[in-house]
Amino acid sequence: MKEYLISIFNKAAGKLPYLQSVSLNFENPKIELHGDLSCNAAILLAKQLKKKPRDIAQEIINTLETDPNIISKIEIAGPGFINFFFEPAFVAQIIKSILKGQESFGRSDAFKGKKANVEFVSANPTGPLTVGHGRNAVCGDTIANLLEWVGYKVDREYYFNNAGRQMRVLGDSVKLRYLELLGEKISFPEDYYQGDYIKDIAKNLVNEYGDKLKDEQPEGIFKQRAEKEIFNDIKKTLSSLNIIHNIFYNENSLYEEGRIKRLLEIYKEKNLSFEKDGATWLKLTQLGSEQDKVIVKSSGEPTYRLPDIAYHITKFERGYDLMVDLFGSDHNATYPDVSAGLKALGYDSNKIKVLIHQFVTIMENGEAVKMSTRKANFITLDQLISEVGSDVVRYFFNMRNITTHMNFDLSLAKKQSDENPVFYLQYAHARICSILKMVEKENLKASQENLDLLTSNEEQQLLKKLHQFRDEVFLSALFFETHRICTYLEELAAAFHKFYTFCRILGSEKKLAEARIALAEAAKIVIKNGLTILGVNAPERM
RNA sequence: GCGCCCAUAGCUCAAUUGGAUAGAGCAACAGCCUUCUAAGCUGUAGGUUAGUGGUUCGAGUCCACUUGGGCGUACCA
């Protein structure tokens with residue numbers, strides 16, 4: 001429908017040049033009375049043309065060459081909206097595109113030939129993933145899916161650091177637990193990793209090596225073993241959500257390849273850094289920031305900013321047209337420094353899209369649970385998945401705008417998992433599969449011959465919803481908003497359930513039944529494609 | 001103190017990026033299964049969009065201030 005309007009407006013723009021100076025915007029009105037699609041161009045043009053919007057609207061309508069078999073009515077309404085009403089028979093034609101496109105319907109090649117990198121999760125291997133990481137993981141993977149649907153070639157990347165202070169404490173923690181298991185009296189510092197998983201790793205070492213590791217350094221086998229086991233667990237957790245990163249980028253390689261050293265030299269050469277109090281500072285004030293920041297501590301160790309900048313340079317070198325970084329809100333202060341540091345070197349930081357998601361507050365028995373990996377009072381992502389299932393976890397995190405502070409009531413999630421909207425969608429899909437099996441037994445088949453019979457309110461509502469899918473995918477990708485897909489699918493499922501209730505297939509006249517089967521198949525394809533983007537299964541029966 | 005984010009129905013959240021009468025789910029109430037899956041459908045009730053002012057044809061959305069919350073504000077990441 002929208003494509004048709006765009007084409008006739010483009011044609012009219014030849015006669016009305018001012019149409020080219022406005023961005024054409026066709027909306028789906030909330031109220032049926034306002035038509036199927038609505039255009040506000042006349043209102044937007046009023047000021048520029050110094051004419052009444054309704055007069056401009058009339059002029060536009062007079063110029064449009066519309067096919068009466070496609071558009072049944074055009075109205076000017078309110079302050080100057082142009083409302084278009086479509087012929088039911090034309091609306092039904094969408095079924096043909098859907099059945100032709102199948103599992104590709106909704107994809108577009110808008111960004112064909114472009115490469116994108118989505119960096120997400122990126123948790124250091126100091127402990128299992130928590131529910132908080134779950135939001136990052138799910139949204140990151142879904143955004144990657146969305147980008148693929150609009151034509152990008154996408155890399156899913158995990159950036160990690162296995163050096164540094166956190167990891168040293170991890171090694172120390174494992175060694176202490178190891179000694180404890182050997183019967184030594186230890187005192188376990190409060191700021192060490194308290195979780196039971198540390199004891200499990202120590203136990204494995206005792207089982208394999210006995211007391212032979214007593215004199216080993218914590219930085220050696222203890223740290224290495226901990227990293228390996230924890231990383232394996234993280235990957236296992238992610239893969240149970242069907243999340244697979246194809247690139248793991250180790251911060252350490254930036255040092256090994258001499259990138260850190262080189263970057264420092266470049267900043268010095270360009271006179272963008274200076275020495276003070278034994279540390280090296282980046283002249284961020286000169287680049288528009290509030291204050292200068294340390295990039296190498298007086299101890300000689302770089303702060304996170306330097307490797308972060310070097311890391312993003314590798315992404316530029318790897319030729320990405322779009323780089324998405326997904327962080328929790330605790331990182332909201334770090335990015336501007338990195339961006340400024342990159343811009344100073346001539347990199348186009350507009351290619352980097354930093355998405356900050358707000359925290360997940362876990363509620364249990366009406367109380368907020370404060371979580372910390374160090375203190376080990378977290379709820380792991382694994383626990384959550386095993387309690388409610390991967391589909392619910394993925395849907396739950398996807399269904400909300402990442403800007404929202406999200407409340408996760410654990411007790412409620414377990415109790416009411418049956419009432420989760422994801423089942424509403426899956427049920428719609430299962431219902432369609434079931435009816436399609438049923439009609440096969442009756443020797444009925446989908447037919448595209450008599451789609452013009454699909455004129456009832458429920459059929460038309462469902463068809464119009466199907467028209468919107470491709471646009472929803474495109475806009476979701478453009479704005480990196482996964483929740484739009486959820487909202488759309490809930491509306492689509494609702495439209496289907498109504499159709500199912502009021503428009504029966506078995507028992508209808510044969511031509512009508514065959515057209516309805518085609519409609520049901522089209523709805524099935526779109527629901528399934530939408531769920532696929534979200535990473536949620538579309539079951540054939542429930 | 002300063003910076004970023006947030007505040008919408010009893011609860012959890014939407015609202016086509018400034019559009020027309022702010023919508024869903026859950027919870028509550030009243031109905032619908034001898035007929036394709038009742039994990040469904042129909043109806044009722046629920047709102048000064050935290051507050052005050054401003055910008056314009058038009059504001060939940062943009063601006064200013066106020067209130068209340070989250071996260072930062074390191075020579076941690």
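Numbers restart at 1 for each chain; the letters A, B, ... are given by sequence-line order, proteins then strands. Computed over heavy atoms, backbone and side chain alike; hydrogens, waters and symmetry mates excluded.
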Chemist: What does M438(A) touch in the nucleic acid at a heavy-atom separation under 4.0 angstrom: a base, only the sugar-phosphate, or nothing?
Modeler: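 Sugar-phosphate only.
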
Chemist: Roughly, in whole Å, what's the span from CZ in F423(A) to P in rA38(B)?
Modeler: 18 Å

Chemist: Would you tell me whether R259(A) and T314(A) have side-chain atoms, one donor and one acceptor, within less than 3.5 Å of each other?
Modeler: no

Chemist: Under 4.0 Å between a side-chain N or O of R54(A) and OP1 or OP2 of rC57(B)?
Modeler: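 Negative; the distance criterion is not met.
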
Chemist: Distance check, rounded to the nearest 0.5 Å: L284(A) atom CG versus K293(A) atom NZ?
Modeler: 6.5 Å

Chemist: Taking atom NZ of K315(A) as the centre, does the number of heavy atoms from other residues, nucleotides or ligands within less than 6.0 Å exceed 12?
Modeler: yes

Chemist: If you look at every heavy atom in N162(A) and K223(A), which pair is closest and at what distance?
Modeler: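 Minimum heavy-atom contact is O-NZ, 3.2 Å.
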
Chemist: Looking at S434(A), does any N or O in its side chain come under 4.0 Å of the phosphate oxygens OP1/OP2 on rU37(B)?
Modeler: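 The answer is yes; a side-chain N or O of S434(A) sits under 4.0 Å from OP1 or OP2.
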
Chemist: Does the plane of the ring in F26(A) sit parallel, tilted or perpendicular to the ring in F9(A)? Use 30° and 60° as the thresholds.
Modeler: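 Perpendicular, since the angle between the ring planes exceeds 60°.
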
Chemist: Taking the ring of Y335(A) and the ring of F327(A), is the distance between their centroids below 6.0 Å?
Modeler: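 They do not qualify: ring centres at least 6.0 Å apart.
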
Chemist: Give the rounded distance in Å between these two atoms: CG of L355(A) and P of rC71(B).
Modeler: 21 Å

Chemist: Regarding H405(A), tell me which of base, sugar-phosphate or nothing describes its non-hydrogen contacts under 4.0 Å with the strands shown.
Modeler: base

Chemist: Pick the P atom in rU35(B) and in rA27(B), then give their distance to the nearest Å.
Modeler: 26 Å

Chemist: Looking only at the side chain of R504(A) (C-beta and beyond, no hydrogens), which of the listed nucleotides rG70(B), rU35(B), rA14(B) gets closest?
Modeler: rU35(B)

Chemist: Output yes when at least one side-chain N/O atom of Y424(A) is less than 4.0 Å from OP1 or OP2 of rC41(B), else no.
Modeler: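 Answer is yes, contact under 4.0 Å.
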
Chemist: Under 3.5 Å, side-chain donor or acceptor atoms of residues 427-434 of chain A against the rest of the protein: list the pairs with distances, not counting sequence neighbours.
Modeler:
{"unit_1": "Y427(A)", "atom_1": "OH", "unit_2": "R431(A)", "atom_2": "NE", "d": "3.3"}
{"unit_1": "H429(A)", "atom_1": "ND1", "unit_2": "P539(A)", "atom_2": "O", "d": "2.9"}
{"unit_1": "R431(A)", "atom_1": "NH1", "unit_2": "H497(A)", "atom_2": "ND1", "d": "3.0"}

Chemist: Between C503(A) and G328(A), which residue's closest nucleotide on RNA chain B lies nearer the 5′ terminus?
Modeler: C503(A)

Chemist: Say we look at rA24(B) and rU16(B): how far apart would their P atoms be, to the nearest angstrom?
Modeler: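 15 Å, rounded to whole Å.
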
Chemist: What is the separation between atom CD1 on I402(A) and atom C1' on rC71(B), rounded to the nearest whole Å?
Modeler: 14 Å

Chemist: Please state the C1' separation for the pair rU55(B) and rA64(B) - nearest whole angstrom.
Modeler: 11 Å

Chemist: Searching all strands shown, indicate the nucleotide that pairs with rG58(B) (Watson-Crick or G-U wobble; both distances under 3.5 Å).
Modeler: none

Chemist: To the nearest 0.5 Å, what is the distance between CE (M167(A)) and CG (N252(A))?
Modeler: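 M167(A) CE to N252(A) CG: 10.5 Å, rounded to 0.5 Å.
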
Chemist: Please check this pair: side chain of N398(A) against backbone of T482(A), looking for a donor-acceptor N/O pair closer than 3.5 Å.
Modeler: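 No: the side chain of N398(A) does not pair with the backbone of T482(A).
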
Chemist: If the glycosidic angle sits within 90 degrees of zero it is syn, else anti. Tell me which applies to rU37(B).
Modeler: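 That one's anti.
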
Chemist: Could you measure between the two C1' atoms, the one in rG47(B) and the one in rG10(B), and give it in whole Å?
Modeler: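 That atom pair is separated by 12 Å.
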
Chemist: Tell me: CD of Q358(A) to P of rC13(B), nearest whole Å?
Modeler: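 Checked: the CD to P distance equals 12 Å.
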
Chemist: To the nearest Å, how far apart are I505(A) CD1 and rU35(B) C1'?
Modeler: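 In whole Å, rU35(B) C1' lies 14 Å from I505(A) CD1.
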
Chemist: Could you report the tightest heavy-atom contact between N401(A) and H483(A), atom names first, then the distance?
Modeler: ND2-CE1, 3.3 Å

Chemist: Considering heavy-atom distances to RNA chain B, does I435(A) or K498(A) have its closest nucleotide positioned more toward the 5' end?
Modeler: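 Going by which nucleotide is closer to the 5' end, it is I435(A).
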
Chemist: What does the B/S/- profile of nucleotides 16-21 of chain B look like, 5' to 3', with a 4.0 Å heavy-atom cutoff to protein?
Modeler: BB-BBB

Chemist: rG51(B) and rG68(B): how far apart are their C1' atoms, nearest whole angstrom?
Modeler: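 Per the computed distance, 11 Å lies between those C1' atoms.
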
Chemist: With a non-hydrogen cut-off below 4.0 angstrom, is A428(A) in contact with a base, only sugar-phosphate, or nothing?
Modeler: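 Here A428(A) touches no strand at all.
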
Chemist: Please pick, from rA14(B), rA38(B), rU42(B), the nucleotide with the shortest atom-to-atom distance to any side-chain atom of H483(A).
Modeler: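 The nucleotide sitting nearest to the side chain is rA14(B).
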
Chemist: In Å and rounded to the nearest 0.5 Å, what is the CZ to CG distance from F85(A) to D36(A)?
Modeler: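 With rounding to 0.5 Å, CZ (F85(A)) is 7.0 Å from CG (D36(A)).
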
Chemist: If you check the H497(A) side chain, which of rC41(B), rA14(B), rA39(B) turns out closest?
Modeler: rC41(B)

Chemist: Expressed as a whole number of angstroms, how long is the span from M399(A):CE to rG25(B):C1'?
Modeler: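 The answer, rounded to whole Å, is 7 Å.
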
Chemist: To the nearest 0.5 Å, what is the distance between NZ on K51(A) and CD on Q48(A)?
Modeler: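 That separation rounds to 11.0 Å.
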
Chemist: Determine the Euclidean distance between corresponding C1' atoms of rG69(B) and rU8(B); express it in Å to zero decimal places.
Modeler: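 Roughly 16 Å separates the two C1' atoms.
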
Chemist: Considering only the P atoms, how many Å lie between rG60(B) and rU52(B), rounded to the nearest integer?
Modeler: 13 Å

Chemist: Nearest whole Å is fine: how far is rG25(B) P from L489(A) CG?
Modeler: 15 Å

Chemist: Can you see whether Q461(A) engages K464(A) through a side-chain donor-acceptor pair at a distance of less than 3.5 angstrom?
Modeler: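 No, K464(A) and Q461(A) have no side-chain donor paired with an acceptor closer than 3.5 Å.
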
Chemist: Can you tell me how far C1' in rC13(B) sits from the matching atom in rU67(B), rounded to whole Å?
Modeler: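 Roughly 23 Å separates the two C1' atoms.
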
Chemist: For rC33(B), does the O4'-C1'-N9-C4 or O4'-C1'-N1-C2 angle fall within 90° of 0, making it syn, or is it anti?
Modeler: syn

Chemist: Let's test this: given Watson-Crick or G-U wobble pairing with both distances under 3.5 Å, identify the partner of rG3(B).
Modeler: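 By the stated definition (distances under 3.5 Å), rC71(B) pairs with rG3(B).
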
Chemist: Report the base-pairing partner of rA45(B) (Watson-Crick or G-U wobble, both distances below 3.5 angstrom), or none.
Modeler: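 Answer to the pairing question: none, since rA45(B) forms no Watson-Crick or G-U pair.
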
Chemist: Counting only Watson-Crick pairs (N1-N3 plus N6-O4 or O6-N4) and G-U wobbles (N1-O2, O6-N3), all under 3.5 Å, who is the partner of rU37(B)?
Modeler: none

Chemist: Using purine N1 to pyrimidine N3 plus N6-O4 or O6-N4 for Watson-Crick, or N1-O2 and O6-N3 for G-U wobble, each under 3.5 Å, what pairs with rC26(B)?
Modeler: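 rG10(B) is the nucleotide pairing with rC26(B).
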
Chemist: Give the nucleotide from the list rC13(B), rA38(B), rC36(B) with an atom nearest to the side chain of Y427(A).
Modeler: rA38(B)

Chemist: Please give, in whole Å, the distance from rU42(B) C1' to F499(A) CZ?
Modeler: 18 Å

Chemist: I'd like a table of atom pairs between the protein and nucleotides 72-77 of chain B - only N or O on both sides, under 3.5 Å - with the distance next to each one.
Modeler:
{"unit_1": "rC75(B)", "atom_1": "O2", "unit_2": "S298(A)", "atom_2": "N", "d": "2.8"}
{"unit_1": "rC75(B)", "atom_1": "O2", "unit_2": "S298(A)", "atom_2": "OG", "d": "2.8"}
{"unit_1": "rC75(B)", "atom_1": "N3", "unit_2": "S298(A)", "atom_2": "OG", "d": "3.4"}
{"unit_1": "rC75(B)", "atom_1": "N4", "unit_2": "D277(A)", "atom_2": "O", "d": "3.3"}
{"unit_1": "rC76(B)", "atom_1": "OP2", "unit_2": "K297(A)", "atom_2": "NZ", "d": "2.5"}
{"unit_1": "rA77(B)", "atom_1": "OP2", "unit_2": "Y304(A)", "atom_2": "N", "d": "2.9"}

